[in-house]
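Okay, so here's the structure we're looking at.
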Amino acid sequence: MSSATGAAAPTKTLSLVDEFLLTLLNEEAGYFHQVPGWDLNCAVVGAALGELSLRSRIDTDVESLILLDETPTGDPALDPILEKIAAEPVRHNAQYWVERLAIRGESIIDATLERLVLLKVLEHHDGGFWTLARAGWQANLRGQADDETAAEFVKTRISRAIFGEELPDPGDAIIISLTNACDVLRLIFQLDDEAAARVEQLCKIDLIGRAIADAITDSVAGPLLRRSTFAKAIPVVSLLKLLRNRHVRSGNLPALFASLAGEYGPVFQIKVPFVQRMIFLCGPRTNRWVHRHGRMYLRARDYLEEFEKVYGGSGILPTLDGADHFRYRKTIQPAYSRTRLEAELSTFCGHARRHMATWSVGESRSAVPMCRKLVNSEMSPLAVSIDSQDVVDDLHKFKERALKTHIGRTMPKFMLQTPAMKRRARLIDEVVERVQRVHTPAQRAGCPRDLADDLLTMHANDCQLLPESNLRFVLSAPLIASMYVGDQLSFILHAMLSRPELYDQVRAEADALFADGDPDHETVNGPATDVTRRVIMESMRMYPIVPMSIRNVMNATVVEGYELPEGARVFIVQTATHYMGDLFPDPFKFDIDRYKPPRKEHLGIGYSPYGLGTHVCLGSRWTEMQLALNLLLIVHHFTLEIAPKNYKFKIDPVPSMSPSKKLKFKIVERRHELPV
């Protein structure tokens, strides 16, 4: 099977594994039809065995799987399986090989998805989502329409076999058998009784397809029934043990949970009187599990329900899961892209400089509000086209109180009903009114598109996905985001200022960058800012502002041998890995060379400052560039010092990690004028 885009495109071949995964793709959800992990692994191995059969490497009957030719295929997903079969002196049946090789299922899936992205059949999105790359090569297999993609053509062939008179070829018969064994064929096609009977007939026409499907059907039941039989008891960390940990006093949550994981393992629980038991996942393997499989077992909505009600909303993006979550992300993703910030680079620098012009030489400013106001001076006009500096402090205080009340549960609910908090809640409506007033068609004519444009269009086009009741939250969200980005900038500035050698290197990059005016985005993102970017990465490793995420278990499962029961509250400390010495040697040392070849310690699942899985930060690339620009602008125009000079660094861990309010930055001199 081959494909080409135009006459000049090279020929590309899809394997049975490729086509099986494409059949499972559900573009509405941005993922694959939900097949439990063991079932999917068995089915993928079955597809690999089917491909080896089509390539005349193996054959099978009811009794055994037979090796015909051990010559390698050249396919990295198939050859390790062929090698295993060839090395086995005794013949076994298909079920034996499906079960034995199921552990290789994930690596086969990874290799296949990577291949399909390289072939431009699939496009990968942040959060572990995939869609068909319609702008890429078209399938043009066996004479189908030129505008039909590879995945669409596979499904068309299968549809013709099920609903027509055509007999499928052996490969299609195997795909039908596999998808039917996984019980997802009915989700892909609407099967009436006649079609279901036809499927049963088609599953029997190919001997190897039938053998593999029977092996999968027999293999998938056992592990599910044995799910909790051998589950280990989850270790309990006593409250006293927790409070005695030295990292509790410093406020460093990632370091705290890394030390607990080192003593108790990757899954443990903490029991606090009168509080629902808290199960913690900490480590590279649990990170990987959450990233790959969390969408099937964990739900975000439960712990955020009360918080979203504070804003009068229901179904805001952080609380959504599944297809609605993906559809929402896909709609607003352009507004959070680095490309949109790059298009407004000069405007961004202008907003930053206008705000920095209010800084006076000789004064000491509290680090947290100083950085939050700077970030908001850029984010508010670019994202929602308003000036909100007069209200942003109050909005941040309201958000922090709401988080402490409904997420952290460290304050009673009535503390959100004080006169001051009610006044701040009313400011949210004022912000929404400001945004709506400047987003009429006449006033937006000729203006670059911003986030508010995308959100208001989304509301007009799909008022169920984004109802009017959610506008209070979504239109004020960019102002709230300045709290998190500002706190991260505070950490970065402190880390740099406390290390003079790094300060000198970043300042040298900044002066060269702005020597001839504002740079273009390629220069900002290129080697000219290498040290700056690595300083930021190391700061985010040591001081991630959102060190964990909270989920509820919606489907019971087993992780690392421990059962997570349905309804349990799970704390995913994805940044605990930042302080694990096997991933980041000497983790308490601020070392920006970690990110240079050959070390590249950030590659892999251990470096996770933006979260994991489907809820990974949508604006991570925008944020990276915004942090770099701010750091470079500050050191180019000013000389700063930590104040007081004997300040002992401490972290405020609740509701999110930020430097202690006692940290200040003193403005020692203005190095370069601020152009108007």
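All values derive from a computational prediction rather than experimental measurement. Position 1 is the first residue of the sequence; numbering continues from there.
With sequence neighbours left out, the ring-ring contact (aromatic ring centres under 6.0 Å, His included) criterion links Tyr303 to no other residue. For Phe20, the ring-ring contact (aromatic ring centres under 6.0 Å, His included) test picks out no residue, with sequence neighbours left out. Taking the ring-ring contact (aromatic ring centres under 6.0 Å, His included) definition, one finds that Phe473 meets it with Tyr311, sequence neighbours left out. Considering only residues two or more places apart in sequence or on other chains, His406 meets the ring-ring contact (aromatic ring centres under 6.0 Å, His included) condition with none of them. By the side-chain hydrogen bond (donor to acceptor under 3.5 Å, both in side chains) test, Arg100 pairs with Glu88, Tyr96, sequence neighbours left out. The side-chain contact (heavy atoms from CB on, under 4.5 Å) test applied to His291 returns Ile605, Leu612, not counting sequence neighbours. Remark: Arg55 engages Glu51 in a side-chain hydrogen bond (donor to acceptor under 3.5 Å, both in side chains) (not counting sequence neighbours). In terms of the side-chain hydrogen bond (donor to acceptor under 3.5 Å, both in side chains) criterion, residue partners of Glu601 (sequence neighbours excluded) are, by chain and number, Arg594, Arg599. The side-chain hydrogen bond (donor to acceptor under 3.5 Å, both in side chains) check on Asp18 picks up Ser15, Arg115, with sequence neighbours excluded.
Counted within 6.0 Å of CD on Glu305, heavy atoms from surrounding residues, nucleotides or ligands total more than 12; the atom is thus considered enclosed. Counting non-hydrogen atoms of other residues, nucleotides and ligands closer than 6.0 Å to CD1 of Ile103 gives a total of 12 or fewer.
Here salt bridge (charged side-chain N to carboxylate O under 4.0 Å, His left out) pairs that include residues 192-203, with residues two or more places apart or in two chains, number zero. Within the structure, no pair that satisfies the ring-ring contact (aromatic ring centres under 6.0 Å, His included) test touches residues 171-208, not counting sequence neighbours.
Within the 4.5 Å cutoff, no side-chain heavy atoms of Val553 are placed close to those of Pro565. Ile162 has its side chain within reach of Leu185: a pair of non-hydrogen atoms, C-beta onward, lies under 4.5 Å apart. Here the side chains of Met548 and Phe257 are in contact, with some heavy-atom distance below 4.5 Å. The side-chain heavy atoms of Pro467 and His459, taken from C-beta on, include no pair separated by under 4.5 Å.
A donor-acceptor pair under 3.5 Å links the side-chain atoms of Thr457 to the main chain of Asp453, judged by distance alone. Counting only distance, with no hydrogens or angles, the side chain of Asn470 and the backbone of Ser314 share a donor-acceptor pair below 3.5 Å. With Thr73 contributing its side chain and Asp75 its backbone, the two residues share a donor-acceptor pair below 3.5 Å. The closest donor-acceptor contact from the side chain of Arg57 to the backbone of Thr71 lies under 3.5 Å.
Between Asp454 and Arg340, at least one side-chain nitrogen of the basic residue sits less than 4.0 Å from a carboxylate oxygen of the acidic one, meeting the salt-bridge criterion. The pair Arg157-Glu19 meets the salt-bridge criterion, with a side-chain N (NZ, NE, NH1 or NH2) lying under 4.0 Å from an Asp/Glu carboxylate O. A salt bridge is defined here as a Lys NZ or Arg NE, NH1 or NH2 lying under 4.0 Å from an Asp or Glu carboxylate O, and Arg285 with Glu560 meets this definition.
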Before giving the answer on salt bridge (charged side-chain N to carboxylate O under 4.0 Å, His left out), spell out for Asp79 and Lys84 the whole-Å C-alpha distance, their side-chain angles and the decisive distance to 0.1 Å. CA-CA 9 Å; Asp79 286 342; Lys84 288 280 187 185; over 6 Å; no
Evaluate the criterion salt bridge (charged side-chain N to carboxylate O under 4.0 Å, His left out) for residue pair Asp110 and Arg288; output intermediate values, then yes/no. CA-CA 12 Å; Asp110 288 344; Arg288 181 172 178 79; 2.8 Å; yes
Is there a salt bridge (charged side-chain N to carboxylate O under 4.0 Å, His left out) between Arg327 and Asp462 once you walk through the steps? CA-CA 11 Å; Arg327 191 153 55 100; Asp462 193 343; 2.6 Å; yes
CA sep, side-chain torsions, deciding dist, call: Glu106, Arg292, salt bridge (charged side-chain N to carboxylate O under 4.0 Å, His left out): CA-CA 9 Å; Glu106 288 193 5; Arg292 290 188 62 100; 3.5 Å; yes
Given side-chain contact (heavy atoms from CB on, under 4.5 Å), test Tyr607 with His578 step by step and report yes or no. CA-CA 6 Å; Tyr607 185 76; His578 292 191; 4.2 Å; yes
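Taken from CG in Leu21 to CG in Leu14, the straight-line distance is 11.0 Å, to the nearest 0.5 Å.
Residue Cys42 comes nearest to Val98 through the heavy atom pair CB-CG1, 3.7 Å, listed as atom of the first residue, atom of the second, then distance. The heavy-atom pair separating Leu298 from Trp289 by the smallest distance is CD1-CZ3, 3.9 Å. Taking each heavy atom of Asn287 and Ser608 in turn, the nearest pair found is ND2-OG, 3.8 Å. Heavy atoms only, all atoms of each residue included: Gly105 and Val44 are closest at O-CG1, 4.1 Å.
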Show every donor-acceptor pair shorter than 3.5 Å between a side-chain atom in residues 613-622 and any protein atom, with sequence neighbours excluded, or say none if there are none.
{"unit_1": "His615", "atom_1": "NE2", "unit_2": "Leu320", "atom_2": "O", "d": "3.1"}
{"unit_1": "His615", "atom_1": "NE2", "unit_2": "Asp321", "atom_2": "OD1", "d": "3.3"}
{"unit_1": "Trp622", "atom_1": "NE1", "unit_2": "Gln626", "atom_2": "OE1", "d": "3.1"}

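Classification of the Trp130-Tyr31 ring pair by plane angle, with boundaries at 30° and 60°, yields tilted.
Ring centroid separation for the pair Phe129 and His124 does not come in under the 6.0 Å cut-off.
Side-chain contact check for Asn552 and Arg569: at least one donor-acceptor pair (N or O, by modelled atom type) lies under 3.5 Å.
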